[in-house]
Amino acid sequence: MSTTYHSQFTVPSTRPIPVELLLAESGRMRLRDWWAVEMLAEHRVLTTAQLTALGFATTTASATRRLAILARRGWIDRLWNTRAAATADTSWCLGPIGAQLTPLDEDRDVTPAQAYRARDRLREHAGLPGLLQANTFFVDLATHALTKPGSDLRTWWSPRTCRHVTAARHAAWHGEYIHDRDRHAFWYQPDPGEIRPADLADHVHTYRRLAEQTGLATLLFHAADPQREQDLRRYLERRNTRHLTVVTSNPERGHPADPVWQPIGETHRLALTDLPPTPEQWPPDTVTFKEVRPRAPHPIYDPERPYNESVADGEYHYPPRP
């Protein structure tokens with residue numbers, strides 16, 4: 001069955017998308033489609049393989065077909081020339097309709113021309129390597145949780161959502177990993193490899209303030225390679241890390257859920273679930289800005305999960321995957 005293309009998405013129209021088209025398209029969406037669009041609104045770029053691993057489809061082939069349909073209809077768009085483009089995998093970002101219906105400013109119309117300019121800026125953005133690194137890290141945690149009964153990547157916040165809590169210009173990621181009903185919440189700092197290790201280590205000062213403001217004091221530095229980790233640790237050991245649990249690792253150490261995290265000042269390495277647990281769902285209302293609620297979707301799509309906290313409450317386990 002062919003898909004009808006609206007003229008607004010074959011040329012970079014500067015006119016707002018007609019309301020009747022938005023309504024018609026919304027009526028054609030499935031639950032998993034909405035989840036994928038919300039994930040791209042939150043995390044900006046994800047690949048077909050990543051969306052498949054997170055539950056969008058059972059096979060990469062079926063995910064590819066559905067994502068291509070959403071792209072033709074204007075919900076999402078291909079993001080060319082990313083690091084993932086060197087492989088057979090396709091990277092996706094928001095298209096004009098997706099950008100219109102998931103705006104940062106609830107009252108702002110997004111024209112197709114603006115959506116395409118945002119796509120092009122993202123493709124050339126200096127922070128794209130760090131963004132791709134962070135997204136890979138969290139997808140790895142989610143897929144690991146799916147293989148471990150009682151485990152869940154309950155929360156994955158991008159800088160977009162973190163700013164509602166931190167009010168900081170510094171790009172911060174937040175995650176919460178569930179294991180045997182214990183919550184392990186943390187801040188995550190990727191290493192794009194384009195700044196000096198000393199400057200990267202200086203970010204710890206921001207997280208000290210965040211720990212004081214929010215009570216979340218676990219910080220994961222994920223260095224780009226072993227030498228960068230060694231250099232980063234040398235500078236971190238000279239910084240004031242009081243009241244913080246600061247650990248480092250790098251991709252060559254292995255999977256982020258395994259014992260790969262080395263605390264500052266120590267020689268041993270710990271698993272993510274060995275880090276200090278969080279006593280309750282984070283953040284409490286006292287540290288969330290009341291006027292804007294974080295709305296990041298659950299990073300694992302599972303229509304059988306009765307509610308988002310069901311794994312944390314011990315009432316649901318993800319079924320074994322083929």
Ignoring hydrogens, what is the shortest heavy-atom contact between [X] and [Y]? Give both atom names and the distance.
{"X": "Tyr301", "Y": "Gly55", "answer": "CD2-O, 3.3 Å"}
{"X": "Leu232", "Y": "Pro197", "answer": "CD1-O, 3.8 Å"}
{"X": "Ala63", "Y": "Thr52", "answer": "CB-OG1, 3.2 Å"}
{"X": "Leu236", "Y": "Thr241", "answer": "O-CG2, 4.1 Å"}
{"X": "Leu200", "Y": "Phe221", "answer": "O-CE2, 3.6 Å"}

Hey, is the main chain of [Y] close enough, under 3.5 Å, to the side chain of [X] for a donor-acceptor pair?
{"X": "His174", "Y": "Phe186", "value": "yes"}
{"X": "Gln100", "Y": "Thr111", "value": "no"}
{"X": "Asn135", "Y": "His43", "value": "yes"}

Counting C-beta onward and ignoring hydrogens, is there a side-chain heavy-atom pair between [X] and [Y] closer than 4.5 Å?
{"X": "Tyr207", "Y": "Thr214", "result": "no"}
{"X": "Val247", "Y": "Gln262", "result": "no"}
{"X": "Trp261", "Y": "Leu220", "result": "yes"}
{"X": "Ser158", "Y": "Glu42", "result": "yes"}

* State which residue, out of Tyr177, Phe138, Phe137, fulfils the ring pair (Phe, Tyr, Trp, His ring centres under 6.0 Å) condition with Trp156. =>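 Output: one option passes, namely Phe138.
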* Do Arg305's NZ or CZ and the ring of Tyr316 fall within the cation-pi criteria of under 6.0 Å and 45°? ->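 Checked: cation-pi criterion not met.
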Counting only pairs under 3.5 Å, give me each side-chain donor-acceptor contact of residues 270-279, with atom names and distances, residues two or more places apart or in other chains.
unit_1 : atom_1 : unit_2 : atom_2 : d
Asp274 : OD2    : Ala271 : N      : 3.1
Thr278 : OG1    : Ala185 : N      : 3.0

* To do: Could you please spell out the steps behind the salt bridge (charged side-chain N to carboxylate O under 4.0 Å, His left out) verdict for Arg196 and Asp199?
  => CA-CA 5 Å; Arg196 299 184 309 156; Asp199 294 334; 3.0 Å; yes
* Asked: Is the distance between the ring centroids of His144 and His255 less than 6.0 Å?
  -> yes
* Asked: Are Trp157 and Trp187 close enough that their ring centres sit under 6.0 Å apart?
  ->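 So the answer is no for these two rings.
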* Asked: When you look at Glu229 and Arg269, which way does the salt bridge (charged side-chain N to carboxylate O under 4.0 Å, His left out) test go after all the steps?
  -> CA-CA 13 Å; Glu229 183 186 5; Arg269 291 190 181 255; 3.1 Å; yes
* Could you list the residues that satisfy salt bridge (Lys or Arg N to Asp or Glu O under 4.0 Å) with Arg44, not counting sequence neighbours? =>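 Listed in chain order: nothing, the list is empty.
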